[in-house]
Amino acid sequence: MKKTIRILAVVLCLVLAVSALSGCTIKLNITVNQQGGSSAQANNTPAPTAAPTAAPTAAPAPTTQADKPAESKPAENKPAESKPAENKPAASELSSSSSKEDIVAEYVTVYNTTKKAGTFKGHDEMTLVEVLIDGKDNSMIKNAAKGMVKAEGTDMPLPPYSDDNPCNECLTTAADIATATYNDNGDGTATIKLVPIATTNSKKFSDAQGNMFNVMEDVKPTVESISILKWSQGTTDDNVVLKCDGGYAEVTYDKATKMMTKADYTLITIAEVQHANILIFKDKSATAKFDYKMLYPG
């Protein structure tokens with residue numbers, strides 16, 4: 001019986017994390033191509049022919065003198081036009097009351113600057129928070145399952161990424177974010193916390209959760225490879241659902257350099273399976289909640 005219960009827990013809950021766990025050990029060597037900027041020089045070409053023709057004609061001289069004061073007036077107004085430009089930096093300073101759009105724009109700048117540098121690497125941790133079988137908690141199953149949930153990734157760039165797509169440009173937009181907070185730490189650093197909107201069966205690089213995290217995906221082949229697992233009704237697509245809700249990215253960065261000094265990317269995934277037949281167990285349901293953290297530096 002214990003063996004059967006163990007199979008039930010592994011098949012219905014932990015197998016949903018297999019694809020994510022297999023991706024935790026991927027190491028990437030990111031090559032940064034530094035692009036040099038170019039500057040254009042403008043050459044002023046005077047028109048010497050205009051001055052000689054004006055010199056012999058003494059009669060027009062009074063009119064040009066009368067015009068000079070009028071021409072100088074726009075020049076006197078130029079300093080006044082520069083005042084709004086001087087106020088722009090003050091208007092762009094972030095605070096705890098800044099808009100979501102402004103905070104996300106700052107996060108994008110910090111992310112791009114940090115990831116392109118290629119030196120800010122971290123490690124990951126995965127925790128099985130909860131396991132429910134038919135809606136009931138079972139401590140024995142949970143304790144047995146905890147030992148099978150591991151994450152062993154090191155030297156990891158900021159998420160999201162894959163072995164064929166380092167994704168050096170931030171994909172997160174203000175439309176992806178449910179809440180955004182900003183805090184000036186008073187020591188030259190600031191902290192931004194973003195909570196993306198919830199998604200179901202998220203895809204990497206494709207939605208709010210996938211634009212921020214290394215989400216769990218492609219679990220269907222793994223589930224269907226288990227011969228003892230059958231469905232009392234429906235298909236794998238109908239009965240296996242991964243919900244991402246409540247995760248966050250919290251980054252601390254140097255305000256002058258826009259480089260991260262610390263970061264915590266926590267993906268919260270709730271795996272739900274229903275209508276499962278396993279050996280003598282019929283029409284069972286299971287729910288497993290995982291916290292998957294990527295911590296920097298580390």
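Values below: all heavy atoms of this structure, side chains included; hydrogens, waters and symmetry mates excluded. In what follows, residues are counted from 1 in the order of the sequence shown.
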| Do K258 side-chain atoms and T114 backbone N/O form a donor-acceptor pair below 3.5 Å? | no
| task | Answer with yes or no whether the side chains of D291 and T127 bring together a donor and an acceptor at under 3.5 Å. | result | no
| query | Y292 and L295: same hydrophobic cluster, using ILVMFWY side-chain contacts below 4.5 Å? | reply | no
| Does K100 NZ have over 12 foreign heavy atoms under 6.0 Å away? | yes
| field | 4.5 Å side-chain heavy-atom contact, M260 and K115 | value | no
| request: Could you tell me whether the side chain of L267 reaches within less than 4.5 Å of the side chain of V215, counting heavy atoms only? | output: yes
| said: Is there a path of hydrophobic side-chain contacts, each under 4.5 Å between heavy atoms, that joins V104 and L171? | reply: no
| query | Should M126 and V129 be counted in the same cluster of Ile, Leu, Val, Met, Phe, Trp and Tyr side chains packed under 4.5 Å apart? | reply | no
| N/O donor-acceptor pair under 3.5 Å between Y296 side chain and P157 backbone | yes
| query | Does a side chain donor of either D124 or Y265 reach within less than 3.5 Å of an acceptor in the other side chain? | reply | no
| said: Closer than 3.5 angstrom, by distance alone: can the side chain of T261 be matched with the main-chain N or O of T252 as a donor-acceptor pair? | reply: yes
| task | State yes or no: do V195 and I192 share one hydrophobic cluster built from I, L, V, M, F, W and Y residues joined by side-chain heavy-atom distances below 4.5 Å, directly or via other members? | result | no
| After noting the C-alpha distance and the side-chain angles of I268 and D245, does the key distance pass the side-chain contact (heavy atoms from CB on, under 4.5 Å) rule? | CA-CA 6 Å; I268 298 177; D245 188 9; over 6 Å; no
| Under a 4.5 Å cut-off applied to non-hydrogen side-chain atoms, are F290 and L128 in contact? | yes
| request: Could you grab the distance from atom CG of D283 to atom CD of Q233, nearest 0.5 Å is fine? | output: 6.5 Å
| said: Would you compute the distance between atom CZ of F213 and atom OG1 of T269 and round it to the nearest 0.5 angstrom? | reply: 9.0 Å
| When you measure from the side chain of S98 to the backbone N and O of S96, does any donor-acceptor pair fall under 3.5 Å? | no
| With side chains defined as the heavy atoms from C-beta onward, is the minimum distance between Y248 and T181 less than 4.5 Å? | no
| request: Output the distance between atom NE2 (H123) and atom CE (M294), rounded to the nearest 0.5 Å. | output: 10.0 Å
| message | When you measure from the side chain of N239 to the backbone of T235, do you find a donor-acceptor pair of N or O atoms at a distance under 3.5 Å? | response | yes
| request: Please report the C-alpha distance between N185 and T191 in whole Å, then the side-chain angles of each, then the deciding distance to 0.1 Å, and finally whether the side-chain contact (heavy atoms from CB on, under 4.5 Å) criterion is met. | output: CA-CA 7 Å; N185 299 321; T191 299; 3.1 Å; yes
| message | Using the rule that Ile, Leu, Val, Met, Phe, Trp and Tyr join whenever any side-chain heavy atoms are under 4.5 Å apart, tell me whether V108 and I103 fall into a single cluster. | response | yes
| task | Could you check if a side-chain atom of C167 sits within less than 4.5 angstrom of a side-chain atom of F205, using non-hydrogen atoms only? | result | yes
| With no hydrogens and no angle check, is any side-chain donor or acceptor of E272 less than 3.5 Å from a backbone partner on A286? | no
| message | Can you tell whether the side chains of K262 and E250 come within less than 4.0 Å, N to carboxylate O? | response | no
| Salt bridge or not for K116 and E169, using N-O below 4.0 Å? | yes
| Heavy-atom side-chain proximity of I270 to T287 below 4.5 angstrom | yes
| query | Any side-chain donor paired with an acceptor under 3.5 Å for K293 and T266? | reply | yes
| Spatial distance of atom CD1 (I197) from atom SG (C244) [nearest 0.5 Å] | 11.5 Å
| query | Just checking, is any N or O donor in the side chain of T189 or D254 under 3.5 Å from an acceptor N or O on the other one? | reply | no
| message | So V273 and W231, do their side chains get closer than 4.5 Å, heavy atoms only? | response | yes
| message | Tell me whether T199 contacts the main-chain N or O of Q209 through its side chain, where contact means a donor paired with an acceptor under 3.5 Å. | response | no
| field | Any donor-acceptor N/O pair, S202 side chain to G210 backbone, under 3.5 Å | value | yes
| message | If I compare all heavy atoms of L279 with all of K282, which pair ends up nearest, and what's the gap? | response | O-NZ, 3.3 Å
| Where S206 and N211 come nearest, the two heavy atoms and their spacing | N-OD1, 3.5 Å
| Minimum heavy-atom distance between Y161 and P166, given as atom pair plus value | CB-O, 3.7 Å
| Beyond-backbone contact of M212 with I177, side-chain heavy atoms, under 4.5 angstrom | yes
